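The structure appears right after this line, and notes come after that.
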Amino acid sequence: MLLVVDYQVGLFQLVRDYTPDQFKTNIIAHAALAKLFNLPVVITSSADTGSNGPVPVEITEMHPNAPFIRRQGEVNAWDNPEFRAAVRAANKTQIIIGGIVTDVCTAFLALSLREEGYEVFANTEASGTFNERLATEANDRMKGAGVTLMGMFAILSDLMRDWRNTPGAAEVLPFIDTYLTAYGFLARAFAAAASTGSSEQTLA
């Protein structure tokens, strides 16, 4: 399953270890992984009627039927009974997590999930914080507790396993073209070479 933790338009402004454009793409891509691979997803926010702001509509519209737990005080989402119930109801043992900020929203929850016996994968490209030092410290803490740290492409590849699977090339390549530009253009170059015998491609 996949967790979307405190991706809120106010908290977004705290992220300094990614550019705004990069991080917006990364958090939408994180949520889209669940849609691509039909994973259960739980969304949670913290005091979203205040300055933390709402979760971006791109995410809520992508998962209109997902449990959406609006916490009013708990810093660690696991301390919220409704959130715990939603995660447990999915009946999964492996959890992919991303959140704002890395050293609080992501790390606190990841550590709690490890204590509960879950296998946890932290999407390091979809968790952001004030600076790179804090991100490194949080990632080291999670790694020490047995959390697996992975980037977007590694998570995508691990979920797919084989380009011949379903979802496979036909479904995954459009995702890559939208969210992982470098590999998306590599795929375009390959497609052009396969169809024309040349690696050159004119992009309109």
Side-chain angles (χ1 to χ4, degrees), residues 1-34 41-48 50-56 58-59 69-80 83-84 87 94-159 176 178-184:
M1 68 179 302
L2 185 140
L3 302 180
V4 173
V5 185
D6 300 348
Y7 285 165
Q8 296 169 247
V9 298
L11 295 175
F12 184 92
Q13 300 172 62
L14 304 178
V15 175
R16 297 289 184 268
D17 51 338
Y18 289 96
T19 67
D21 289 345
Q22 284 177 319
F23 198 62
K24 178 185 176 183
T25 297
N26 291 355
I27 66 174
I28 303 302
H30 178 77
L33 283 169
V41 59
V42 175
I43 302 168
T44 186
S45 63
S46 175
D48 61 9
S51 59
N52 288 355
V55 173
E58 293 94 331
I59 293 176
I69 313 304
R70 291 178 165 90
R71 308 185 325 277
Q72 296 306 312
E74 302 93 345
V75 175
N76 182 346
W78 196 248
D79 290 339
N80 180 284
F83 180 83
R84 290 198 304 271
V87 172
Q94 296 178 312
I95 298 179
I96 304 166
I97 181 174
I100 302 174
V101 292
T102 309
D103 41 326
V104 177
C105 306
T106 302
F108 288 7
L109 177 55
L111 295 173
S112 293
L113 291 170
R114 287 293 298 136
E115 290 176 357
E116 292 289 320
Y118 290 98
E119 187 175 5
V120 182
F121 302 85
N123 187 342
T124 56
E125 290 187 282
S127 296
T129 188
F130 298 94
N131 57 60
E132 292 183 6
R133 178 180 62 81
L134 291 175
T136 298
E137 291 172 352
N139 288 333
D140 286 347
R141 185 183 182 196
M142 287 190 284
K143 184 177 179 181
V147 176
T148 300
L149 306 178
M150 299 177 74
M152 191 77 65
F153 188 57
I155 294 172
L156 175 74
S157 299
D158 199 24
L159 289 169
I176 288 173
T178 300
Y179 299 114
L180 300 171
T181 303
Y183 199 97

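Here the structure is a predicted model, which is why all the values come from computation and not from measurement.
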Under 3.5 Å: donor-acceptor pair, side chain of Thr129, backbone of Ala135: no
For the residue pair Thr106 and Gly99, what are the closest heavy atoms and their distance? OG1-N, 3.0 Å
Taking atom CD1 of Ile97 and atom NE2 of His30, what is their separation to the nearest 0.5 Å? 7.5 Å
Check whether any side-chain heavy atom of Leu3 lies under 4.5 Å from a side-chain heavy atom of Leu113, and answer yes or no. yes
Ring-plane angle category for Phe12 and Phe23, please: parallel below 30°, perpendicular beyond 60°, tilted otherwise. tilted
Is it the case that atom CD in Glu132 sees more than 12 heavy atoms from other parts of the structure closer than 6.0 Å? no
Closest non-hydrogen atom pair, Val9 against Gln13: O-NE2, 3.6 Å
More than 12 heavy atoms of other residues, nucleotides or ligands under 6.0 Å from CZ of Arg71: yes or no? yes
Under a 4.0 Å N-O cut-off, is there an ion pair linking Glu137 with Arg133? yes
Side chains of Thr44 and Asn80, donor plus acceptor under 3.5 Å: no
Minimum heavy-atom separation for Asp6 to Cys105, with atom names? OD2-SG, 3.2 Å
Using the side chain to side chain contact (heavy atoms under 4.5 Å, CB included) rule, pick out the option among Ile27, Asn131, Ile100, Thr102 that qualifies with Val15. Ile100
